[in-house]
Amino acid sequence: MTRLAQTAGLNDIQREILSTVRDFVDKEIIPVATQLEHRDEYPTEIVEGLKELGLFGLMIPEEYGGLGESLLTYALCVEEIARGWMSVSGIINTHFIVAYMLKQHGTQEQKDTFLPRMALGEVRGAFSMSEPALGSDVSAISSKGVKDGEEYVLNGQKMWLTNGGTSTLVAVLCRSDEGHPEGTAPHKSMTTFLIEKEPGFGEVRPGLTIPGKIDKMGYKGVDTTELIMDDLRIPANRVLGGTTGRGFYQMMDGVEVGRVNVAARGCGVAQRAFELGVSYAQQRHTFGKPIAQHQAIQFKLAEMATKVEAAHAMMVNAARKKDSGERNDLEAGMAKYLASEYCKEVVEDAFRIHGGYGFSKEYEIERLYREAPMLLIGEGTAEIQKMIIGRRLLEEYRFQV
């Protein structure tokens with residue numbers, strides 16, 4: 001074994017892409033990540049480097065200027081990037097989800113308009129479901145889009161937009177009652193609107209305001225914002241797919257692949273925590289020998305490595321299931337749940353191995369310790385994943401009287 005989390009069955013192109021990304025992470029991200037994170041500074045140079053590597057178009061079809069790669073290839077790249085700095089993987093993830101939703105559900109005009117520029121990183125994506133008062137209860141959204149001639153007028157407040165300030169295209173889920181009579185199930189009266197805007201903060205187009213960045217415990221560098229719509233007018237051809245009432249399903253499809261992405265991020269952060277822990281354990285001496293030679297530390301390293309391997313295997317399985325065209329909400333939910341929980345545990349064990357130095361901002365593990373909690377809630381909390389898993393298991397193992 002050369003290192004943990006190896007993936008069997010990759011072709012030469014996949015291996016070359018991953019090798020290139022890993023080299024970029026080691027040379028361009030890890031050396032500057034902690035410094036940028038402590039300053040809460042957007043990683044402009046890193047993002048430009050990722051654009052040059054073509055990662056913004058990794059899963060966009062070749063006909064639109066992308067690389068046309070699989071979800072598995074993308075997830076493995078995200079794993080490598082998160083190993084360097086999780087915030088950078090978040091910048092890629094939200095862009096990827098919007099591109100995926102366009103590819104799967106957009107009209108031909110929408111694909112032709114956005115995908116080529118998204119592949120180059122010229123158009124950068126963000127997506128928005130959550131609102132200040134609802135959390136995981138997507139059916140309770142109150143933001144609304146009302147048709148007015150050849151336009152829609154959008155009003156409402158959205159929350160937790162990754163890339164809210166730097167993005168130029170936001171997919172926003174709103175309620176739209178047009179064509180859906182009173183009493184229609186909430187998830188059948190939602191629509192995804194594609195909102196084009198200028199990057200930055202404040203009023204970024206008439207009727208659309210992006211307040212300043214939300215100050216977070218971790219996951220810094222990337223901008224996380226609110227989005228406020230006040231009589232925002234957009235043309236009717238910016239309804240994703242051209243038909244109202246399909247937004248919930250479109251968003252859930254995007255979130256499903258997003259959960260594979262979050263699982264990959266958990267795997268990457270856990271790998272880095274293990275690398276830091278196993279390295280420090282061989283340098284730090286107590287009682288006349290490296291602490292790695294103490295059985296208690298060896299047990300801890302064994303548990304950490306096993307969790308890294310298990311999470312990686314589940315993430316790869318979920319990605320491959322989606323790539324096969326099969327339903328993968330069960331596998332994605334399991335992978336996201338396990339990888340995020342194991343990530344938290346592996347990071348904490350690495351933190352403990354560092355002892356008092358782990359509490360110092362001088363050491364990288366301090367940053368990982370603040371970043372890991374975001375994975376517990378991103379793309380659905382552990383409790384939401386358990387609900388998804390439980391319901392799917394009951395479908396698969398339905399008791400026959």
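Owing to the predicted nature of the structure, the values given are computational and were not obtained by experimental measurement. FYI, the numbering just counts along the sequence from 1.
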Inspect the contact between [Y] and [X] and indicate whether a charged nitrogen and a carboxylate oxygen are less than 4.0 angstrom apart.
X      : Y      : answer
Arg320 : Glu331 : no
Asp223 : Lys213 : no
Lys336 : Glu379 : no
Arg352 : Glu348 : yes
Arg238 : Glu196 : yes
Glu395 : Arg392 : yes

For the atom pair [atom1] ([X]) and [atom2] ([Y]), what is the distance rounded to the nearest 0.5 Å?
X      : Y      : atom1 : atom2 : result
Ile46  : Ile81  : CD1   : CD1   : 10.0 Å
Asp112 : Glu63  : CG    : CD    : 8.5 Å
Thr244 : Met190 : OG1   : CE    : 13.0 Å
Leu368 : Cys343 : CG    : SG    : 7.5 Å
Ile97  : Met59  : CD1   : CE    : 11.0 Å
Leu67  : Tyr74  : CG    : OH    : 12.5 Å

Polar side chain donor-acceptor pair, [X] to [Y], under 3.5 angstrom:
X      : Y      : result
Thr73  : Gln14  : yes
Asn11  : Arg15  : no
Glu226 : Trp160 : no
Thr44  : Glu48  : no
Arg124 : Ser167 : no
His354 : Ser360 : no
His105 : Asp253 : yes
Gln250 : Thr192 : yes
Glu131 : Gln157 : no

Practice task
Decide side chain to side chain contact (heavy atoms under 4.5 Å, CB included) for Arg259 and Glu256; before the verdict, give the C-alpha distance in whole Å, the side-chain angles of both, and the deciding distance to 0.1 Å.
Solution key: CA-CA 5 Å; Arg259 285 179 178 138; Glu256 193 172 282; 5.7 Å; no
[X], [atom1] atom: more than 12 neighbouring heavy atoms under 6.0 Å:
X      : atom1 : value
Glu45  : CD    : no
Glu326 : CD    : yes
Gln108 : CD    : yes
Leu393 : CG    : yes
Glu16  : CD    : no
Glu198 : CD    : no
Arg398 : CZ    : no

Problem - Pair Val239-Arg246, side chain to side chain contact (heavy atoms under 4.5 Å, CB included): steps then yes or no - result: CA-CA 10 Å; Val239 169; Arg246 297 179 180 174; over 6 Å; no
Locate the shortest heavy-atom distance separating [X] from [Y]; write the atom from each residue and the value.
X      : Y      : value
Thr34  : Lys361 : CG2-O, 4.2 Å
Phe193 : Cys174 : CE1-CB, 3.8 Å
Phe127 : Leu161 : O-CG, 4.2 Å
Ala339 : Ala311 : CA-CB, 3.9 Å
Ile210 : Gly200 : CB-O, 4.0 Å
Ile91  : Pro43  : CD1-CG, 3.8 Å

Practice task
Could I get the full list of side-chain hydrogen bond (donor to acceptor under 3.5 Å, both in side chains) partners for Lys216, not counting sequence neighbours?
Solution key: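 With neighbours one apart ignored, the set is Thr224.
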Exercise for the section: Name all residues meeting the side-chain hydrogen bond (donor to acceptor under 3.5 Å, both in side chains) criterion together with Arg370; count only those two or more places apart in sequence or in a different chain, and write none if there are none. Expected result: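 Partners of Arg370 under the side-chain hydrogen bond (donor to acceptor under 3.5 Å, both in side chains) test: Glu37, Glu366.
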Determine yes or no for a side-chain-to-main-chain donor-acceptor pair under 3.5 angstrom, with [X] supplying the side chain and [Y] the backbone.
X      : Y      : value
Asp323 : Leu72  : yes
Glu151 : Lys147 : no
Glu309 : Ala5   : yes
Asn328 : Ala318 : yes
Gln110 : Gly241 : yes
Gln298 : Ala292 : yes
Ser324 : Lys321 : yes
Lys158 : Leu173 : yes
Asn155 : Asp231 : yes

Exercise for the section: Just do the side chain to side chain contact (heavy atoms under 4.5 Å, CB included) check on Lys220 and Asp215 with the steps written out, would you? Expected result: CA-CA 8 Å; Lys220 293 180 178 289; Asp215 192 13; 3.2 Å; yes
Exercise for the section: Could you tell me how the ring of Phe351 sits relative to the ring of Tyr369: parallel (under 30°), tilted (30 to 60°) or perpendicular (over 60°)? Expected result: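 Rings of Phe351 and Tyr369: parallel, as their planes differ by under 30°.
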Handout entry: Any Pro235 side-chain heavy atom under 4.5 Å of Glu150 side chain
Key =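 Answer no - side chains too far apart.
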Problem - Test item: Ile388 and Leu330 side chains (from C-beta on) under 4.5 Å apart, heavy atoms - result: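 A side-chain contact under 4.5 Å is absent here.
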Exercise for the section: Go through the steps to decide whether Ser279 and Gln283 satisfy the test side chain to side chain donor-acceptor pair (under 3.5 Å), and finish with yes or no. Expected result: CA-CA 7 Å; Ser279 175; Gln283 299 172 54; 2.8 Å; yes
Problem - side chain to side chain contact (heavy atoms under 4.5 Å, CB included) between Leu232 and Val153, intermediate numbers included - result: CA-CA 5 Å; Leu232 169 64; Val153 181; over 6 Å; no
Problem - Single hit among Ile60, Thr113, Leu169, Thr107 for side chain to side chain contact (heavy atoms under 4.5 Å, CB included) with Leu102 - result: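 Output: one option passes, namely Leu169.
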Handout entry: Audit row: Glu371, Arg367, salt bridge (Lys or Arg N to Asp or Glu O under 4.0 Å) steps and yes/no
Key = CA-CA 6 Å; Glu371 288 180 339; Arg367 169 171 63 82; 3.3 Å; yes
